[in-house]
Amino acid sequence: MPELLITRAGPLTTVQDAGRRGVAHLGVPRGGALDEPARRAANRLVGNAAGAAVLETTLGGVAVTALGGPLLLAVAGAPAPVRVDGRPAAWGAAVLLPEGATLDVGPADSGVRGYLAVRGGIAVPPVLGSRSADLLAGLGPAPLRGGERLPVGRECGAPAAALVPLPAPPAELVLRLLPGPRADWFLPGTLAALARAGYRVAAASNRIGLRTEGPALIRRQHGELESEGMVLGAVQVPPDGRPVVFLADHPTTGGYPVLGVVPAADLPAAAQARPGTPVRFVPAGR
């Protein structure tokens with residue numbers, strides 16, 4: 001079976017697919033790629049099924065070497081320079097990597113997360129129906145390290161002709177906000193105040209949540225809240241008053257009030273928003 005040798009793992013590279021569906025009742029969140037449209041686009045470029053597992057990189061890229069035969073790869077998501085054995089190669093298109101050659105995805109020019117697909121998909125063993133790494137739950141493969149080898153699965157389908165256009169990484173992150181179950185734990189008018197306030201993406205953001213910097217939201221109820229179920233996109237407000245938007249590896253329960261919920265369709269942009277990016281919350285009806 002052909003393999004990918006990780007020759008440079010970058011700051012954080014993980015295996016991701018569409019995540020674990022239908023297991024929330026077991027206390028397992030969906031997980032999966034943070035920028036799902038970009039993951040699917042990378043798969044289309046090499047002719048993979050939509051659910052195939054890819055590598056998700058974070059800011060610094062990754063380098064891989066083909067073992068056991070030539071491999072067809074493609075990179076999508078955050079734009080970045082791509083090189084094969086030091087020579088420039090295409091970003092957003094299929095690239096044939098000869099056996100023993102190394103494809104290097106450099107630091108992202110913009111955005112945060114890149115997706116490297118290999119024809120046949122990353123064939124690590126699935127856990128609860130997914131090959132994704134969930135960094136909070138500890139499911140799936142751990143973040144990759146240099147020297148690791150990843151099995152590549154069987155080929156399927158025909159590669160797409162071109163990259164389907166994807167939104168550029170946001171200069172301003174606009175997130176719609178549906179009222180949450182604990183909006184009444186905050187002063188009246190908090191949702192409107194949140195929409196008027198200026199926030200930025202905090203450097204402490206990760207696959208679990210997009211943290212923000214900006215004005216603290218004021219609670220009118222200060223008692224303890226029993227832990228309750230959390231969903232993807234929930235906007236939880238911890239004691240410091242700065243909203244946190246839950247992303248793919250979010251906890252399944254939490255004890256801080258949820259002011260609102262960001263629709264899943266807005267979260268791929270959140271995955272590509274760099275620290276310091278302005279954030280604007282826009283109240284939306286149910």
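The first residue of the sequence shown is numbered 1, and numbering continues consecutively from there.
Within the 4.5 Å cutoff, the side chain of Leu191 has heavy atoms near those of the Leu259 side chain. Here the side chains of Val127 and Arg20 are in contact, with some heavy-atom distance below 4.5 Å. Val279 is not listed as a side-chain neighbour of Val174, based on a closest heavy-atom distance of 4.5 Å or more. At least one side-chain heavy atom of Val201 sits under 4.5 Å from a side-chain heavy atom of Leu210. In this structure the side chain of Pro2 never reaches within 4.5 angstrom of the side chain of Glu99, judged on heavy atoms. Side-chain atoms of Val231 and Phe246, non-hydrogen and from C-beta on, never get closer than 4.5 Å to each other. Using a 4.5 Å cut-off on side-chain heavy atoms (C-beta onward), Glu56 and Arg39 make no contact.
Judged by distance alone, with hydrogens and angles left aside, the side-chain atoms of Thr14 form no donor-acceptor pair with the main-chain N or O of Ala133 at under 3.5 Å. Side chain of Asn206 to backbone of Gly209: a donor-acceptor contact under 3.5 angstrom is found. In terms of modelled atom types and a separation under 3.5 Å, the side chain of Asp17 and the main chain of Ser130 share no donor-acceptor contact. Using a distance-only test at 3.5 Å, with no hydrogens or angles considered, no donor-acceptor pair links the side chain of Arg280 to the main chain of Tyr199. With hydrogens and angles disregarded, no donor-acceptor distance shorter than 3.5 Å links the side chain of Thr13 to the backbone of Gly10.
Here the CG-CZ distance, from Asn48 to Arg119, works out to 7.5 Å after rounding to the nearest 0.5 Å. Interatomic distance, CG of Leu72 versus CG of Leu45, reported as 9.0 Å (0.5 Å rounding). Interatomic distance, Leu71 CG to Leu103 CG, rounded to the nearest 0.5 Å: 10.0 Å. To the nearest 0.5 angstrom, Leu150 atom CG is 8.5 Å from Glu3 atom CD. Note that CZ of Arg30 and OG of Ser132 are 9.0 Å apart. Values are rounded to the nearest 0.5 Å. Distance check, rounded to the nearest 0.5 Å: CG of Asp184 to CD of Gln221 gives 6.0 Å.
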List, one per line, each side-chain donor-acceptor pair under 3.5 Å for residues 251-258, sequence neighbours excluded.
none

| task | Begin with the C-alpha distance, continue with both residues' side-chain angles, and end with the deciding distance and a verdict on side chain to side chain contact (heavy atoms under 4.5 Å, CB included) for Leu5 and Val64. | result | CA-CA 5 Å; Leu5 169 64; Val64 298; over 6 Å; no
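Remark: Asp266 engages Arg176 in a salt bridge, criterion side-chain N to carboxylate O under 4.0 Å.
For the residue pair Thr102 / Thr65, a side-chain donor-acceptor distance below 3.5 Å is found, with atom types taken as modelled.
Here the shortest heavy-atom pairing between Arg274 and Val112 reads CG-CG2, 3.7 Å. Nearest heavy atoms, Pro29 versus Ala248: CB-O, 4.1 Å.
For Glu224, the CD atom sits in a loose shell: 12 or fewer heavy atoms of surrounding residues, nucleotides or ligands are nearer than 6.0 Å. Within a 6.0 Å sphere centred on CZ of Arg211, heavy atoms belonging to other residues, nucleotides or ligands number 12 at most. A 6.0 Å sphere centred on CZ of Arg220 holds more than 12 heavy atoms belonging to other residues, nucleotides or ligands.
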